[in-house]
Engineer: 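Right, I'll just put the structure down here and ask away after.
Throughout, a chain's letter reflects where its sequence line sits, starting with A, and its residues are numbered from 1.
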Amino acid sequence: MGKSLFQKVWDSHSVGTLADGRTQLFIGTHLIHEVTSPQAFGMLRDLGLKVKYPSRTFATVDHIVPTINQDAPQDPLAAEMMQALQKNCDDFGVTYFDLRSGKQGIVHVVGPEQGITQPGTTIACGDSHTATHGAFGAIAFGIGTTQVRDVLATQTMALEPLKVRRIEVTGDLRPGVYAKDVILHIIRLLGAKGGIGYAYEYAGDLFDRMSMEERMTVCNMSIEGGARCGYVNPDAKTIAYLSGRPYVDMSDFDATALRWLSFASDADAHYDDIVRINASDIEPTVTWGISPDHGVAISENIPDPAHASSEIDKQSIEEALAYMKLPAGTPIKGVKIDVAFLGSCTNGRLSDFREAAKYLKGHHVAAGVQAIAVPGSQIVAIQCEKEGLDQVFRDAGFEWRAAGCSMCLAMNPDKLVGDQLCASSSNRNFKGRQGSSTGRTVLMSPVMVVAAAVKGYVADAREVFGMD
Amino acid sequence: MSLEKVIKVSGRGVFVPGADIDTDRIIPARFMKCVTFDGLGEFAFYDVRFDPSGNRTNHPLNDARFQGASILLAGMNFGCGSSREHAPQSLRKYGFNAVIAESFAEIFNGNCTTLAMPCVVASADDVAILRAAIEADPQIEITIDLEKLLVTTSAGHEIPVTMPDSARDSLTAGRWDPIQELLDNNAKIEERAKALGYVA
Ligand code: SF4
């Protein structure tokens with residue numbers, strides 16, 4: 001029996017078995033940012049330890065940077081965190097893509113962009129959306145701060161092996177359906193806890209046809225499905241994307257490419273579970289509640305607790321609807337929005353802005369809606385600006401911001417106010433996620449975000465923009 | 001480094017209602033702007049303990065009867081959401097020494113173990129029984145025995161619980177913080193790095 005990519009990468013990076021039975025896994029690449037690293041560097045100093053492989057550690061600043069006047073946070077705590085990261089990188093010899101580097105951005109956008117993210121490697125980052133890097137056939141884990149310390153000090157961490165679930169999606173997506181809808185659909189189907197204990201392998205001809213950026217969108221939200229990591233097997237697209245990137249060694253690239261491809265799952269690989277989905281069954285999907293698996297197709301109604309399948313389900317729907325202030329059993333289409341947010345590590349890449357701008361052009365944001373577009377990195381920003389996309393957004397009434405996590409979470413000035421409802425291309429709709437303890441989030445694809453911005457309510461982009 | 005063996009944890013309990021309590025709920029992101037974990041305790045569950053104007057709500061953690069409780073009781077999928085260790089850290093700094101829930105999110109569970117804070121799983125019925133017991137008498141002493149995988153109370157309950165073997169082992173053997181063992185394998189780490197080819 002053959003091996004899955006997960007198994008191959010795990011086996012090749014295993015240092016040994018620890019006394020508690022866990023595996024000591026070598027982490028080839030460690031990405032760090034300002035929020036979860038300072039405490040880890042503090043622990044390192046307390047223990048008198050160094051960074052084991054500074055050249056395998058890369059830093060950027062994303063969570064707390066303001067997206068207006070990026071380098072001058074008004075918040076003294078944010079300024080302190082930025083300084084701490086600078087000092088830690090200096091003291092320990094770590095490469096830092098700072099605001100002046102022209103390469104700063106959301107850590108999960110920067111890694112691939114720089115070619116740091118590579119197939120057949122292990123990656124760790126103190127951020128749950130590290131699974132994004134799995135799009136390249138890497139095994140990428142989100143870790144806690146103590147593990148950040150472990151990886152800094154030893155380039156390894158203690159982990160339990162995972163089971164592997166292959167999620168096969170076959171066939172073509174219908175017009176107006178995007179990678180974001182695919183992952184929201186998968187999470188809706190398998191549940192926010194469905195992936196616990198698993199690595200997700202996204203396979204099937206749909207993923208084969210997806211661009212690297214689309215694959216990143218899917219892998220990004222593996223954690224919302226409960227999976228520890230998610231990946232797509234490397235192929236010619238992966239190789240083409242990486243070729244020539246700054247951190248890719250081009251000296252013997254053909255050999256490197258062959259080695260990368262050799263990590264792809266064998267045809268007879270063992271899987272602990274296989275799920276099959278028809279791409280044509282997927283509709284533009286949005287969330288209606290407070291967990292990423294609270295998803296519905298745009299043509300559907302908000303669930304009614306009266307029709308819940310169990311008492312637990314009923315309570316969870318009631319709790320979600322009470323928080324969202326949405327009426328049970330009514331269409332999700334037409335729910336009024338206050339804010340539209342386009343950005344984040346899920347959907348803050350060039351292709352997201354291109355696609356959104358293509359439909360936004362010639363339209364205007366509805367009165368009373370605040371709309372912001374936030375590129376995922378400085379490089380994405382520059383590319384968008386070269387193509388004039390920023391102007392499309394500005395002309396339509398969007399604010400065009402500097403790179404960062406922005407309104408995906410509440411650690412910088414971009415926040416919801418009161419119970420504002422936000423149409424968001426980000427990945428989490430938890431209570432309070434976007435900065436107000438009563439703020440409401442409806443997750444959707446970038447094109448659906450601009451459709452909502454234009455209409456002032458949750459809308460079907462296919463109708464708004466006449467897509468077919 | 002020699003770490004304390006965590007075999008039994010005792011204390012009074014408090015029940016935090018709701019399924020899928022995520023880490024944003026445990027510690028709202030705006031309190032994560034810190035360069036050390038000290039001081040996070042006071043912000044645990046902040047947005048449910050205080051209303052938007054800063055007044056205390058009737059959340060159980062604000063209930064005088066449960067002050068000083070050190071064992072947290074919760075429902076399903078506790079600690080889901082982000083991998084932020086700020087969440088277990090804030091619970092630890094708040095004064096919790098263990099969590100009993102119907103189930104846990106994986107990363108959260110691992111993060112708690114590394115802080116010597118055991119997370120044990122009890123059935124929904126047993127969580128409901130414990131909840132009713134502490135609500136009837138908040139002074140009840142709860143003891144989690146990691147070796148026996150049993151929760152007992154001073155009111156006479158005996159409740160079987162589960163936890164991952166590795167977490168149980170690392171807590172009871174006093175190796176819940178793996179750093180020393182990881183460091184000890186330095187030679188093997190360097191060997192692996194060399195074999196991988198892309199590292200050095
Ligand atoms: S964009 Fe959002 S999910 Fe992504 S790294 Fe930033 S805060 Fe985390």
Side-chain angles (χ1 to χ4, degrees), chain A residues 12-13 15-16 18-22 24 26 28 35-36 38-39 42 47 52-53 56 64 75 77-78 80-81 84 118 121 126-128 142-147 149-150 153-158 160 192-193 196-197 226 228 291 312 315-316 319 409-411 428 430-433 435 437-438, chain B residues 1 18-20 22-25 28-30 32-37 46-48 51-52 76-77 80-86 88-89 103 105-108 110-111 114-115 124 164-167 169-170 173 175 177-179 181-183 185-186 188-189 191-193 195-200:
Chain A
S12 61
H13 288 74
V15 171
L18 297 166
D20 66 3
R22 287 190 288 176
Q24 181 171 8
F26 191 91
V35 178
T36 53
Q39 307 84 357
L47 296 167
K52 175 81 184 153
Y53 290 104
R56 297 309 307 165
I64 54 106
D75 176 351
L77 289 170
E80 187 188 349
M81 292 175 87
Q118 297 182 359
T121 62
D127 183 279
S128 18
I143 57 177
T145 296
T146 304
Q147 287 173 311
R149 174 204 65 184
D150 295 346
T154 69
Q155 205 67 31
T156 66
M157 62 187 213
E160 303 218 40
K193 298 180 275 285
I196 292 178
R228 192 68 206 273
S291 167
I312 292 178
Q315 282 173 12
S316 119
E319 186 198 356
L409 93 175
M411 295 192 68
R428 288 195 161 151
F430 301 144
K431 290 181 180 178
R433 168 73 179 184
S437 58
T438 52
Chain B
M1 238 161 53
D20 303 316
D22 60 75
T23 51
D24 280 275
R25 195 103 52 98
R30 62 183 185 282
M32 288 168 57
K33 278 183 274 181
C34 56
V35 290
T36 79
F37 287 132
Y46 193 89
D47 285 343
V48 281
D51 68 17
M76 262 178 32
N77 201 24
C80 61
S82 114
S83 59
R84 60 182 68 152
E85 205 169 300
H86 300 66
Q89 287 277 6
S103 65
E106 208 171 318
I107 298 182
F108 176 85
N111 286 340
T114 317
L115 298 177
D165 288 343
S166 62
D169 173 81
S170 61
R175 42 171 182 260
D177 185 335
I179 186 81
E181 203 185 349
L182 296 179
L183 286 165
N185 293 332
N186 189 46
K188 282 202 262 174
I189 294 172
E191 217 175 278
R192 192 67 350 238
L196 280 168
Y198 70 91
V199 173

Engineer: Would you call Glu319(A)-Lys431(A) a salt bridge at under 4.0 Å N-O?
Structural biologist: yes
Engineer: Does any heavy atom of chain A fall under 4.5 Å from the side chain of Thr114(B), the backbone, both, or neither of them?
Structural biologist: side chain
Engineer: So which of Ala153(A), Ala192(A), Gly435(A), Ala19(A) has the largest heavy-atom pair count under 4.5 angstrom toward chain B?
Structural biologist: Ala19(A)
Engineer: Do you know which two heavy atoms are closest between Met81(A) and Ile64(A), and how far apart they sit?
Structural biologist: SD-CG2, 4.1 Å
Engineer: At a heavy-atom distance under 4.5 Å, which candidate from Ala84(A), Gly42(A), Gly28(A) has the highest pair count against chain B?
Structural biologist: Gly28(A)
Engineer: Please determine, among Ile107(B), Asp165(B), Thr36(B), the option with the most heavy-atom pairs under 4.5 Å with chain A.
Structural biologist: Ile107(B)
Engineer: Please state whether the side chain, the backbone, both or neither of Leu182(B) comes within less than 4.5 Å of a heavy atom of chain A.
Structural biologist: both
Engineer: Which bit of Ser316(A) comes within less than 4.5 Å of chain B, counting heavy atoms only: side chain, backbone, both or neither?
Structural biologist: neither
Engineer: Measure from the side-chain N and O atoms of Arg433(A) to the backbone N and O of Asp24(B), and report whether any donor-acceptor pair falls under 3.5 Å.
Structural biologist: no
Engineer: Name the orientation class of the two ring planes belonging to Phe26(A) and His13(A) (parallel below 30°, tilted from 30 to 60°, perpendicular beyond 60°).
Structural biologist: tilted
Engineer: So which of Arg22(A), Lys52(A), Gln147(A) has the largest heavy-atom pair count under 4.5 angstrom toward chain B?
Structural biologist: Lys52(A)
Engineer: Between His86(B) and Cys34(B), what is the shortest heavy-atom contact and its length?
Structural biologist: CD2-SG, 4.1 Å
Engineer: Holding to side chain to side chain donor-acceptor pair (under 3.5 Å), I want the full list of residues that pass it with Asn77(B), two or more places apart in sequence or in another chain.
Structural biologist: Asp20(B)
Engineer: Taking all heavy atoms of Asp150(A) and all of Pro178(B), pick out the closest pair and write down the distance.
Structural biologist: OD2-CG, 3.7 Å
Engineer: Name the region of Arg25(B), side chain, backbone, both or neither, that has any atom closer than 4.5 Å to a heavy atom of chain A.
Structural biologist: side chain
Engineer: Please give me the minimum heavy-atom distance between Ser170(B) and Asp20(A), naming the atom from each residue.
Structural biologist: CB-OD2, 3.8 Å
Engineer: Do you know which of Glu181(B), Gln89(B), Arg30(B), Met76(B) has the most heavy-atom pairs under 4.5 Å to chain A?
Structural biologist: Glu181(B)
Engineer: Does any backbone or side-chain atom of Pro164(B) lie under 4.5 Å from a heavy atom of chain A? Answer side chain, backbone, both or neither.
Structural biologist: side chain
Engineer: Side chain, backbone, both or neither: which part of Leu18(A) has an atom under 4.5 Å from a heavy atom of chain B?
Structural biologist: both
Engineer: Answer with side chain, backbone, both or neither: which region of Thr156(A) has an atom nearer than 4.5 Å to a non-hydrogen atom of chain B?
Structural biologist: both
Engineer: Heavy-atom cut-off 4.5 Å, strictly under: side chain, backbone, both or neither for Asp127(A) against chain B?
Structural biologist: backbone
Engineer: Would you say the side-chain atoms of Glu160(A) pair up with the backbone N or O of Gly21(A), donor to acceptor, closer than 3.5 Å?
Structural biologist: no
Engineer: Please identify, among Ala105(B), Pro28(B), Gly18(B), Gly81(B), the residue contributing the most non-hydrogen atom pairs under 4.5 Å to chain A.
Structural biologist: Gly81(B)
